[in-house]
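In what follows, a structure is listed as structure tokens, so that the remarks can point back to it.
The chains referred to below are lettered A, B, ... by the order of the sequence lines, with proteins before strands, and numbering in each begins at 1.
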Amino acid sequence: MQEKYQASDIEHAAQSDWNAAQTFGVSEASDKPKYYCLSMLPYPSGKLHMGHVRNYTIGDVLSRHYRMRGFNVLQPMGWDAFGLPAENAAMQNNVPPAKWTYDNIAYMKQQLQSLGFALDWKRELATCDPDYYRWNQWFFLRMLEKGIAYKKTQIVNWDPVDQTVLANEQVIEGRGWRTGALVEKRELPGYYLAITQYADELLSSLDDLPGWPERVKTMQANWIGKSTGVRFAFPYDLPAGASANTAVGADVESRLSKAEPLLRREAVLHETPASPPSQSGKLWVYTTRADTIMGVTFCAVAAEHPLATYAAKTSPELAAFIDECKRGSVMEADMATMEKKGMPTGLTVTHPLSGEQIDVWVGNYVLMSYGDGAVMGVPAHDERDFAFAKKYNLPIKQVVAIEGESFSLDGWQDWYGDKQRGHCINSGKYDGMDYAAAVAAIADDLKSLNLGEAKVHFRLRDWGVSRQRYWGCPIPLIHCEACGTVPVPDDQLPVLLPQDCVPDGSGNPLNKREDFVNCVCPKCGKPARRETDTMDTFVDSSWYYARYCAPGAKTMVDARTNYWMPVDQYIGGIEHAILHLLYSRFWTKVMRDCGLVNYAEPFKNLLTQGMVLNHIFSRRNEKGGIEYFAPDEVEIKHDDGGRIVSVTAKSDGLAVNYDGVGTMSKSKRNGVDPQSLIDQYGADTARFFMMFAAPPEQTLEWSDTGVEGGFRFLRRVWAMGHSIHTAGVAMNVPTKLPEGLAASRREVHLLLRQANYDLGKFQFNTVASAAMKMLNALEKMPAGDGRAAVMTECFGILIRVLSPITPHIAHVLWHELGYGDDVLNATWPEPLEAALAQDEEELVLQINGKLRGAIKVKVGADKSAIEQIALASEVTQKYLDGQTAKKVIVVPGRLVNIVV
RNA sequence: GCCACGGUGGAGAAAUCGGUAAACUCAGCAGACUUAAAAUCUGCCGGCCACCAGGCCUUGCGGGUUCAAGUCCCGCCCGUGGUACCA
């Protein structure tokens with residue numbers, strides 16, 4: 001055995017042992033219980049960053065731990081290989097996204113292997129591989145048949161200079177990131193998946209996930225946003241002589257509220273039919289505050305609303321305002337924080353209950369894609385409406401009062417929006433009713449007028465899956481002049497994505513690929529055009545976990561999927577708490593309803609890793625676009641307090657903005673490559689430090705201060721192994737040990753108990769601490785009869801506790817010291833009762849809640865015995881000073897508190 | 001803006017059910033070993049007061065509940081994640 005700790009030798013030796021024995025290849029043929037441990041698959045951005053190391057080490061620690069606990073453990077890996085960064089890299093380097101992606105995969109795979117993760121590489125997949133994405137296409141067609149997939153208008157960010165659709169990430173302060181041009185909203189047809197059909201189940205089955213963090217379930221529930229309210233209409237008649245072919249009126253309700261399934265069974269896709277013109281109609285709105293309906297003083301519609309379009313035909317000012325509304329990004333955060341503006345349409349609608357005429361405004365804060373694209377305005381009881389009414393001098397009518405509160409038009413007060421405590425006033429027959437009674441009565445009245453009814457509403461919107469991009473899974477549809485939109489027949493799948501396009505930033509290059517676009521209609525055989533939109537990459541990651549279970553299957557999934565699924569432990573960043581996890585849950589439920597799988601939820605237990613953060617540096621370029629600098633490309637000056645005062649680029653010495661800390665990402669160029677850490681200290685140190693730095697769920701600002709400490713620890717572990725090896729191992733700890741030895745042994749077993757408890761809580765930082773404390777105890781082990789046996793026993797515990805975190809050193813030490821063949825086949829250690837036993841214990845002594853001393857009592861002593869010892873103690877006597885204690889609180893095993 | 005989470009020494013952090021605040025580690029300081037350096041080992045290491053014994057204060061800020069609060073409740077401030085086309 002080597003005397004010095006040589007990480008690279010040890011790691012190569014361990015990894016070649018694992019490769020030779022195919023240690024981590026698993027199958028369904030096992031009599032052990034299965035354990036499917038899955039980490040979220042990485043986007044192949046080029047190099048691993050610290051967030052990956054953290055994520056995959058957590059998964060590996062769990063996998064190895066469960067394996068030693070006797071489970072048949074599957075831990076696969078793959079690549080989320082489609083997506084935007086590949087197109088950006090292509091533009092920058094003139095390399096096709098395919099080549100860039102596969103090169104990155106090769107490099108990152110080698111990095112993952114060098115970290116020694118216990119992965120079954122036979123199951124590796126890349127989502128850009130046709131063998132994978134053909135099943136996206138196949139399943140999309142099944143969704144069409146079920147009426148889940150459909151087509152409707154979507155609103156996207158449009159860069160007028162590059163003439164291209166921008167992702168939200170590419171819009172910075174309302175401008176295109178490359179061109180600096182003001183972004184516009186543009187309407188395009190797109191494909192949607194009706195996730196709202198599953199809204200109720202997605203919400204209620206959160207209760208079937210006790211192994212999920214409460215915070216994630218809360219976020220999902222809020223996102224789905226089930227509310228009960230009233231959907232009702234303001235009837236109207238348009239002035240005579242209005243344009244006869246304007247699409248307003250009765251159709252507004254059907255076009256906006258009911259998604260049109262594009263395909264039922266064999267039927268051919270049909271577009272949304274042109275709406276018949278109509279002079280009278282209903283303006284539909286939804287509200288959770290129907291009790292305030294008598295306080296409506298205006299209505300507001302979205303800029304894209306048919307009534308707005310209609311009114312704009314005769315009003316250039318309104319047309320200009322609607323144009324202005326269409327500027328800016330489509331992001332919710334922007335919409336919510338922008339200045340609320342409006343303009344009257346000149347149209348009025350009729351209040352359904354009072355018959356009053358109500359002005360219709362266009363509001364820039366009303367979203368066409370949410371509900372019916374219109375809202376009622378009750379300024380007295382909605383903060384946003386209040387501000388809007390004050391700004392435009394609209395009437396404010398109080399219709400809810402609370403005892404002891406006085407209403408004033410001067411400013412908003414929180415109680416105006418309170419629905420718990422109030423009762424209706426100024427509301428005619430509803431006066432005096434509380435919230436629930438008023439809503440029920442008003443819903444009834446609206447229903448009898450045929451102008452509305454109580455309705456359950458979800459905040460959740462259908463999932464738009466169309467992307468006007470090249471590097472993604474082609475949507476398997478064909479557009480034929482005669483037959484309309486026709487699905488690609490199953491036997492013609494997959495629709496292959498050409499591998500050699502290089503995007504140039506101006507739209508989807510597929511549009512220019514005649515060999516891709518030109519095809520024949522599967523129905524009539526005439527020349528037709530292929531759909532060039534590709535799928536959202538969240539489609540790819542919505543079911544990959546099921547495919548890992550069935551590598552090489554000639555179907556989407558097979559029986560092996562039902563063996564391994566659901567995932568027993570899913571691990572990934574908290575940033576996926578809503579979208580990815582919700583889409584995967586939805587996809588699973590549709591697969592179940594198609595009879596493909598027999599489970600309803602994909603992830604039984606979820607561990608959400610905190611983000612690894614690093615500093616972000618950026619600069620505006622001449623065009624007004626934005627450019628990011630990596631932390632090692634800038635020079636930073638700090639003040640005395642350590643605050644950053646100035647940053648300059650090393651390249652040109654000019655100033656750079658400091659944008660604070662944020663999650664490590666390719667686009668912000670603030671990722672830290674773990675490679676130098678691995679090269680300098682080895683994989684075990686990198687893994688150990690990552691686990692030791694903080695608990696997994698916690699956000700972690702990156703700093704490599706302290707890596708050295710992990711390395712020193714492993715070197716001491718190795719030295720301890722070497723000295724035990726030299727001194728000779730000894731079995732069988734004697735039943736009678738000298739006091740000092742027994743105490744040290746007890747300490748190690750206590751630490752083991754702590755480590756096992758912490759492993760159950762995924763608190764790996766304190767498991768690493770416990771291992772360090774064990775080594776400290778071993779190094780201080782006193783002399784005495786049986787020392788060699790105690791050392792052997794305790795070091796064996798330490799190696800096994802360490803093995804999931806630092807598997808290489810554990811593998812070699814276990815074998816070298818002759819504990820057994822492979823530490824992975826060893827049984828997980830449990831503390832021994834005999835080692836833990838003690839006669840006396842120390843309790844804390846408090847006087848008036850303050851620490852004043854300690855007392856020794858027999859283990860298991862009853863409360864009154866402890867109380868007597870405490871009262872008799874010198875410290876107590878001193879503080880009592882002759883008086884009697886007012887109260888004595890005894891917490892067995894912990895403390896005694898005496899109240900004087 | 002809205003939803004969720006977090007804030008403890010110079011730094012990363014620990015404190016399991018409301019019960020000893022700061023375990024373990026880094027950085028720093030002092031010492032041992034050494035011709036020297038590195039490595040290693042030993043001790044100290046929140047603040048104030050005190051000769052000592054010890055005392056007082058301290059978990060972002062302000063209140064509250066309790067024998068006892070980092071932990072529970074109320075109100076703020078700051079940071080991070082998400083906000084539906086980054087993944």
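In this structure, A/His576 and A/Phe538 have perpendicular ring planes: the angle between them is above 60°, well past the 30° mark. Between A/Tyr198 and A/Phe586, the ring planes are perpendicular. Angles over 60° get that label, and only those under 30° would be called parallel.
Between A/Asn168 and B/rU83 there is no side-chain polar atom (N or O) within less than 4.0 angstrom of OP1 or OP2. When the side-chain nitrogen and oxygen atoms of A/Arg215 are compared with OP1 and OP2 of B/rG81, none of them lie within a distance under 4.0 Å. In terms of phosphate contacts, A/Thr537 brings a side-chain nitrogen or oxygen within less than 4.0 Å of OP1 or OP2 of B/rA87.
Exactly one of A/Trp543, A/Trp79, A/Tyr544, A/Phe82 qualifies for a ring-ring contact (aromatic ring centres under 6.0 Å, His included) with A/Tyr132. That residue is A/Trp543. The only option from A/Val888, A/Leu843, A/Leu871, A/Leu895 that meets the side-chain contact (heavy atoms from CB on, under 4.5 Å) definition with A/Ile866 turns out to be A/Leu843.
Looking only at side-chain heavy atoms (C-beta outward), A/Asp159 and A/Val183 stay at 4.5 Å or farther from each other. With contacts defined as side-chain heavy-atom distances shorter than 4.5 Å, the pair A/Arg753/A/Leu836 qualifies.
Here A/Leu84 lies in heavy-atom contact (under 4.0 Å) with sugar-phosphate atoms only. Among the heavy atoms of the strands lying under 4.0 Å from A/Pro695 are primed sugar atoms or P, OP1, OP2 only; no base atom is included. A/Arg384 comes within 4.0 angstrom of nothing in the nucleic acid, heavy atoms only. If you check every strand for non-hydrogen atoms under 4.0 Å, A/His580 touches nothing. Heavy atoms of A/Gln763 sit under 4.0 angstrom from primed sugar atoms or phosphate atoms, though from no base atom. Here A/Phe713 lies out of heavy-atom contact (under 4.0 Å) with every strand. A/Val899 comes within 4.0 angstrom of sugar-phosphate atoms only, judged by non-hydrogen atoms across all strands, and of no base. Here A/Tyr757 lies in heavy-atom contact (under 4.0 Å) with a base. Here A/Gln170 lies out of heavy-atom contact (under 4.0 Å) with every strand. At the heavy-atom level, A/Val661 lies under 4.0 Å from the strands shown only through sugar-phosphate atoms. Using a 4.0 Å heavy-atom criterion, one finds that A/Arg461 contacts the bases of the nucleic acid, with or without backbone contacts as well. Contact annotation for A/Arg753: no contact, since no heavy-atom pair falls under 4.0 Å across all strands. Nucleic acid contact for A/Asn776: sugar-phosphate only, since backbone atoms but no base atoms lie under 4.0 Å from a heavy atom of the residue. Across all strands shown, A/Glu708 has no heavy atoms under 4.0 Å from either base or sugar-phosphate atoms.
Straight-line distance between the P atoms of B/rG82 and B/rC72: roughly 26 Å, to the nearest whole Å. Here the separation of B/rU58 from B/rU42, taken at their P atoms, is 35 Å to the nearest Å. The separation of B/rC67 from B/rG12, taken at their P atoms, amounts to 36 Å, rounded to a whole angstrom. Rounded to a whole angstrom, the distance from the C1' atom of B/rG47 to that of B/rC41 is 31 Å. Between B/rA13 and B/rC74, the distance separating the two C1' atoms is 29 Å to the nearest Å. When the C1' atom is used for both B/rG75 and B/rU65, the distance is 15 Å, rounded to whole Å. One P atom belongs to B/rU71, the other to B/rG62, and the distance between them is 13 Å to the nearest Å. Taking atom P on both nucleotides, B/rG9 is separated from B/rG70 by 14 Å, rounded to a whole Å.
Checking B/rA84, B/rU80, B/rC41 against the side-chain heavy atoms of A/Thr699 singles out B/rU80 as nearest. Of all nucleotides listed (B/rG12, B/rA27, B/rC85), B/rG12 comes nearest to the side chain of A/Leu700. Distance from the side chain of A/Met772 is smallest to B/rU25 among B/rU80, B/rU25, B/rU83. Of the candidate nucleotides B/rC85, B/rC67, B/rG1, B/rC67 has the atom nearest to the side chain of A/Ile889. Candidate nucleotides B/rA15, B/rA14, B/rA21 were compared by shortest atom distance to the side chain of A/Gln698, and B/rA14 ranks first. When distances run from any side-chain atom of A/Arg852 to the nucleotides B/rG12, B/rA14, B/rG55, the shortest one goes to B/rG55. Out of B/rU20, B/rU16, B/rC86, the shortest distance to the side chain of A/Gln754 is found at B/rU16.
In this structure, A/Gly706 and A/Ala167 both approach RNA chain B, and ranking their closest nucleotides by distance from the 5' end singles out A/Gly706. Where A/Glu779 and A/Gly709 each meet RNA chain B at their nearest nucleotide, the meeting point lying more 5' is that of A/Gly709.
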Checklist entry - What would the secondary structure line of RNA chain B be in dot-bracket form, counting Watson-Crick and G-U wobble pairs under 3.5 Å, with [ ] for pairs that cross earlier ones and | for pairs with another strand? => result (((((((..(((......[....))).(((((.......))))).((((....))))..(((((..]....))))))))))))....

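To the nearest angstrom, P of B/rG19 lies 19 Å from CD1 of A/Ile898. Atom CG of A/Asp758 and atom C1' of B/rA23 are 12 Å apart (whole Å). Atom CG in A/Leu206 sits roughly 14 Å away from atom P in B/rA4 (whole-Å rounding). In this structure, OH of A/Tyr365 is placed 17 Å from P of B/rC2, rounded to the nearest angstrom. As rounded to whole Å, 8 Å separates atom C1' of B/rA84 from atom CD of A/Glu332. Rounded to an integer number of Å, the gap from A/Arg716 CZ to B/rU40 P is 9 Å. Summarising the geometry, the separation between CG on A/Asn848 and P on B/rG55 is reported as 13 Å, rounded to the nearest angstrom. The CZ-P distance, from A/Phe688 to B/rU25, rounds to 9 Å in whole Å.
In terms of heavy-atom proximity, A/Ser329 sits nearest to A/Val171 at CB-CG1, 3.7 Å. Among all heavy-atom pairs drawn from A/Pro474 and A/Tyr133, the shortest one is CD-CE1, 4.1 Å. Between A/Tyr192 and A/Thr153, the shortest heavy-atom contact is OH-O, 3.6 Å. In terms of heavy-atom proximity, A/Pro503 sits nearest to A/Tyr470 at CG-CD2, 4.1 Å.
In this structure, B/rC17 is classed as syn because its glycosidic torsion stays within 90° of zero. Against the 90° criterion about 0, the sugar-base torsion of B/rG46 places it in the anti range.
Between the base of B/rC67 and the side chain of A/Asn897 there is a donor-acceptor pair shorter than 3.5 Å.
A donor and an acceptor atom, one from each side chain of A/Tyr879 and A/Asn848, are nowhere located under 3.5 Å apart.
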Item to check | Test salt bridge (charged side-chain N to carboxylate O under 4.0 Å, His left out) applied to A/Glu184 and A/Arg175, step by step | outcome: CA-CA 9 Å; A/Glu184 298 167 8; A/Arg175 292 168 183 275; over 6 Å; no

